[in-house]
> 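Next up is a structure, given as structure tokens.
What you see is a predicted model; the values in this text were computed from it and never measured. The chain is numbered in sequence order, starting from 1.
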Amino acid sequence: GKEKTMSSSISAAELMALNEGEEVAHSTFPRASGLRASGLSNSRRSALKNSVLQRDYHTYSTRARHPTLRRRSKKGAGVTLRGVFMRICATVLGSFTLSCPFALAKAGVVFGVAIATVVAVAASSSLVMLVRCAEACERYEHDEIVDMYLGATAKRAAQASRLVMTVLMVAAQLIVWADLITPLAKTAFPDHEAWWMSWPAVLSFGAGLQLPSVLFTSYSSATTVASYAGVFAAFLLLVALMWPVSAKLGLVPSVVDSSTSDVGSAPVDFLGEGRGGAAAEAMLGVPVWVVAFSFHPQILEMYHGLPTNKKPLFPIVAHAAVGLAGVMVLAIGILGVVRTGNAGAAVGGNFLSPLIENDGSLLLRAAAMTFGVAMLLAVPGGCTGMRSIIARIVRDANRLEEHELRPLQQVLLWVGTPLMLVAVTCLAFVIGDVAKCADLLGSSTGMVLSFVFPGLAYAALCESSMAYMSQYQPVSETPSLATKSSSAFSWNANAAAPIPKSWPVYSARERWCALAMAGVGMGIGTVSLMATLLAW
């Protein structure tokens with residue numbers, strides 16, 4: 001967007017007033033809604049003392065939602081809208097994609113699709129809420145935003161939730177790797193029963209194979225490779241599942257030996273009238289969709305690295321990515337239910353494992369191999385994320401500076417990383433089912449990070465903004481303060497500058513919608529967690 005440079009000339013009287021802790025005239029420094037008065041005053045005073053109100057630092061965008069004093073971010077300078085799009089798609093089409101048929105089977109295909117659609121729309125909306133909160137308080141870490149609006153206790157809960165989510169996600173990736181590679185090895189060598197073809201051996205081999213990458217790969221490169229590999233693997237899997245349907249229609253040649261596969265012969269429970277119709281069973285499918293659309297902390301950090309002129313396009317890109325990935329994951333889920341031929345007990349946490357053993361299609365096996373490798377490539381990024389979260393928790397607990405964390409970061413890299421990988425591998429052995437990881441994550445940390453905290457933070461922002469905007473009134477009601485500006489509002493006392501049009505005006509309806517999202521999320525999360533514990 002077009003940027004206008006504000007006047008950087010500051011009088012000595014104003015500088016002295018700032019040093020004494022007094023507020024400068026509102027017409028000189030536009031105030032962003034949602035910020036605490038003390039924090040804003042301190043930030044202005046610090047900016048003046050350090051002489052950073054110059055050129056690029058003292059700018060605001062006419063298309064931005066908040067005309068705040070904002071420093072151009074150098075972190076993540078290479079972040080693009082395409083990278084954000086691919087990252088959202090890769091997160092949705094991750095390891096829990098293989099559990100989507102399980103989720104549809106529990107609630108029935110029709111109700112399952114409806115639940116997935118609602119969760120996707122709510123997740124995309126809550127991401128935009130988080131972005132607006134980040135712009136208002138100029139904090140671009142998930143836990144920092146929670147701390148700004150909900151307090152230190154909520155921040156510690158967010159950090160712990162994110163650590164648990166990262167650990168279980170890495171465990172799920174290792175489980176998917178072992179689930180897919182083990183039947184592939186058995187079908188490739190049907191006459192051999194070696195120990196290295198067992199599920200625990202394949203899981204341990206995959207974890208050990210990633211140890212060098214975990215130690216020597218940067219977070220950005222690991223996540224970039226994993227994102228593109230994950231999207232490609234999901235697309236190949238979708239093609240492999242659709243191929244038999246296209247072959248029956250005569251659109252493509254058949255590559256499946258029908259004599260070796262009876263998959264898809266049983267009827268499909270579309271309305272959930274069988275086992276999938278039970279309320280407790282249906283609630284087991286909700287957390288799968290929640291964790292599939294849980295991408296908020298990672299995408300929020302990428303948003304911070306976007307160029308200023310690209311940030312207004314972020315909501316459009318986010319909605320498009322969630323929509324495309326949601327359509328793909330729903331298609332995989334429906335085809336998985338149809339191919340396995342049973343909407344209840346036959347659909348397990350990983351629907352692809354029985355298909356590999358019963359289906360003679362080389363395309364499906366190639367897709368399974370690609371998906372397993374893509375999940376293994378995502379492990380280094382998860383381990384790097386765990387190290388970062390642990391370092392942040394230690395920093396906040398001991399109130400350390402960034403330079404004081406360097407010795408701890410080295411210890412976490414060379415000592416903590418192997419221990420974390422061993423602990424996650426043991427956790428994968430204990431859980432053993434990707435659907436269990438999805439249910440535990442979606443009903444607890446996924447619901448809290450993606451819906452509860454964003455809803456509560458946005459409600460707090462709306463309340464703070466409405467209280468601040470109540471100090472303004474229409475120009476028509478105060479003729480003495482009328483200006484030549486076309487804006488409909490003006491400052492209520494001794495300030496002639498009108499409210500900039502780029503400032504968002506929050507309403508009570510938005511606040512109640514945010515509170516409703518948080519309340520419904522807490523309720524559904526509690527019920528889903530109870531159903532998960534009783535079922536597993």
> Can you list the steps and then say if Glu510 with Arg132 is a salt bridge (charged side-chain N to carboxylate O under 4.0 Å, His left out)?
CA-CA 12 Å; Glu510 290 181 291; Arg132 297 184 75 177; 3.6 Å; yes
> Between atom CZ of Phe205 and atom CH2 of Trp177, what is the distance when rounded to the nearest 0.5 Å?
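That separation rounds to 6.0 Å.
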> Does some side-chain heavy atom of Phe102 sit less than 4.5 Å from a side-chain heavy atom of Asn350?
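SC-SC contact between Asn350 and Phe102 ruled out.
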> Begin from the C-alpha positions of Leu529 and Asp439 and carry the test side chain to side chain contact (heavy atoms under 4.5 Å, CB included) through to its verdict.
CA-CA 7 Å; Leu529 182 60; Asp439 283 338; over 6 Å; no
> Between Ile175 and Gly432, what is the shortest heavy-atom contact and its length?
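Scanning both residues completely, I find the closest heavy atoms to be CD1-N, 3.9 Å.
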> Quick one: does Thr80's side chain have a donor or acceptor within less than 3.5 Å of a partner on Gly83's backbone?
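Yes.
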> Roughly how far, to the nearest 0.5 Å, is the CE atom of Met420 from the OG1 atom of Thr384?
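Here the rounded value is 8.0 Å.
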> Please evaluate residues Arg395 and Glu141 with respect to the criterion salt bridge (charged side-chain N to carboxylate O under 4.0 Å, His left out), reporting the C-alpha separation (whole Å), side-chain torsions for both, the decisive distance (0.1 Å), and the verdict.
CA-CA 14 Å; Arg395 183 199 65 184; Glu141 296 284 348; over 6 Å; no
> Is it the case that over 12 heavy atoms from other parts of the model lie below 6.0 angstrom from the OH atom of Tyr228?
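More than 12 within 6.0 Å, yes.
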> Nearest heavy-atom pair of Ala459 and Ala514: which atoms, and what distance?
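Closest heavy-atom pair between Ala459 and Ala514: N-CB, 3.9 Å.
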> Okay, side chain of Ser464, backbone of Ala460: is any donor-acceptor separation there less than 3.5 Å?
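Pair absent, no side-chain N/O of Ser464 close to backbone of Ala460.
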> How close do Leu421 and Cys383 get, counting heavy atoms only, and between which atoms?
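Minimum heavy-atom separation between Leu421 and Cys383: CD1-SG, 3.9 Å.
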> Between atom CG of Leu449 and atom CZ of Phe295, what is the distance when rounded to the nearest 0.5 Å?
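The distance works out to 12.5 Å.
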> Would you check, one step at a time, whether the test side-chain hydrogen bond (donor to acceptor under 3.5 Å, both in side chains) holds for Glu135 with Tyr303?
CA-CA 10 Å; Glu135 287 294 326; Tyr303 171 81; 2.7 Å; yes
> Report the C-alpha distance between Leu180 and Met375 in whole Å, list the side-chain angles of each, state the deciding distance to 0.1 Å, and finish with yes or no for side chain to side chain contact (heavy atoms under 4.5 Å, CB included).
CA-CA 10 Å; Leu180 297 180; Met375 293 302 101; 5.9 Å; no
> Tell me whether Phe429 at atom CZ has more than 12 heavy atoms from other residues, nucleotides or ligands lying less than 6.0 Å away.
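For Phe429, atom CZ is crowded (more than 12 foreign heavy atoms under 6.0 Å).
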> Checking Tyr149 against Leu456 for the side chain to side chain contact (heavy atoms under 4.5 Å, CB included) test, could you report, in this order, the C-alpha distance in whole Å, the side-chain angles of both residues, the deciding distance, and whether it holds?
CA-CA 8 Å; Tyr149 291 102; Leu456 293 178; over 6 Å; no
> Rounded to the nearest 0.5 Å, how far does CG of Leu440 lie from CG of Leu533?
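One finds 7.0 Å between CG of Leu533 and CG of Leu440.
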> Would you confirm whether Ser528, through its side chain, and Gly525, through its main-chain N or O, come within 3.5 Å as a donor-acceptor pair?
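It does not hold such a pair.
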> Report yes if some heavy atom in the side chain of Phe96 is under 4.5 Å from a heavy atom in the side chain of Val329; otherwise report no.
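Answer no - side chains too far apart.
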> Take a 6.0 Å sphere around CZ of Phe235 and say whether it holds more than 12 heavy atoms from other residues, nucleotides or ligands.
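Incorrect, the count does not exceed 12.
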> Run the salt bridge (charged side-chain N to carboxylate O under 4.0 Å, His left out) check on Arg139 and Glu301 step by step: do they pass?
CA-CA 10 Å; Arg139 304 289 191 273; Glu301 295 174 4; over 6 Å; no
> Within the structure provided, determine whether Met328 and Val92 are in side-chain contact (heavy-atom separation under 4.5 Å).
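Heavy-atom side-chain distance check fails, nothing below 4.5 Å.
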> Looking only at heavy atoms, what is the nearest atom pair of Ser227 and Arg87, with distance?
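Closest pair (atom of Ser227, atom of Arg87, distance): OG-CD, 3.5 Å.
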> Describe, in one word, how the ring planes of Phe453 and His142 are oriented to each other, choosing from parallel (under 30°), tilted (30 to 60°) and perpendicular (over 60°).
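The arrangement is tilted - the two ring planes meet at 30° to 60°.
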> Is the shortest heavy-atom distance from the side chain of Ser126 to the side chain of Leu130 under 4.5 Å?
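In short, these two side chains do not touch, never coming nearer than 4.5 Å.
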> For the residue pair Gln410 and Val415, establish whether any side-chain heavy-atom pair is separated by less than 4.5 Å.
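No, every pair of side-chain atoms sits at 4.5 Å or beyond.
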> Between CD of Gln298 and CD1 of Ile88, what distance do you get to the nearest 0.5 Å?
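Going from CD on Gln298 over to CD1 on Ile88, the span is 10.5 Å.
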> For residues 287-294, which side-chain donor-acceptor pairs fall under 3.5 Å, sequence neighbours excluded?
from   : atom 1 : to     : atom 2 : distance (Å)
Ser294 : OG     : Val290 : O      : 2.6
Ser294 : OG     : Ser450 : OG     : 3.1

> Answer yes if the side chains of Arg387 and Thr417 hold a donor-acceptor pair under 3.5 Å, and no otherwise.
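Distance-only check passes for Arg387 and Thr417.
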> Contact between Ile524 and Phe451 at the side-chain level, heavy atoms closer than 4.5 Å - yes or no?
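Answer no - side chains too far apart.
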> What's the shortest heavy-atom distance between Phe85 and Ala320, and which atoms?
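Looks like CE1-C, 3.9 Å.
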> Do you know the tightest heavy-atom contact between Ala134 and Leu300?
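Ala134 and Leu300 have their closest heavy atoms at CB-CD1, 4.2 Å.
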> With a 4.5 Å limit on heavy-atom distance, are the side chains of Leu306 and Leu313 in contact?
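No, side chains not in contact.
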> State the CE-SG distance between Met169 and Cys437, to the nearest 0.5 angstrom.
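Interatomic distance, Met169 CE to Cys437 SG, rounded to 0.5 Å: 10.5 Å.
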> Evaluate the criterion side chain to side chain contact (heavy atoms under 4.5 Å, CB included) for residue pair Gln409 and Leu413; output intermediate values, then yes/no.
CA-CA 6 Å; Gln409 291 172 346; Leu413 176 61; over 6 Å; no
> My understanding is that only one of Arg392, Arg156, Lys155 makes a salt bridge (charged side-chain N to carboxylate O under 4.0 Å, His left out) with Asp143; could you say which?
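Exactly one pass, corresponding to Arg392.
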> Determine whether the side chains of Asn398 and Glu404 contain a donor N or O and an acceptor N or O closer than 3.5 Å.
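There is no such pair between these side chains.
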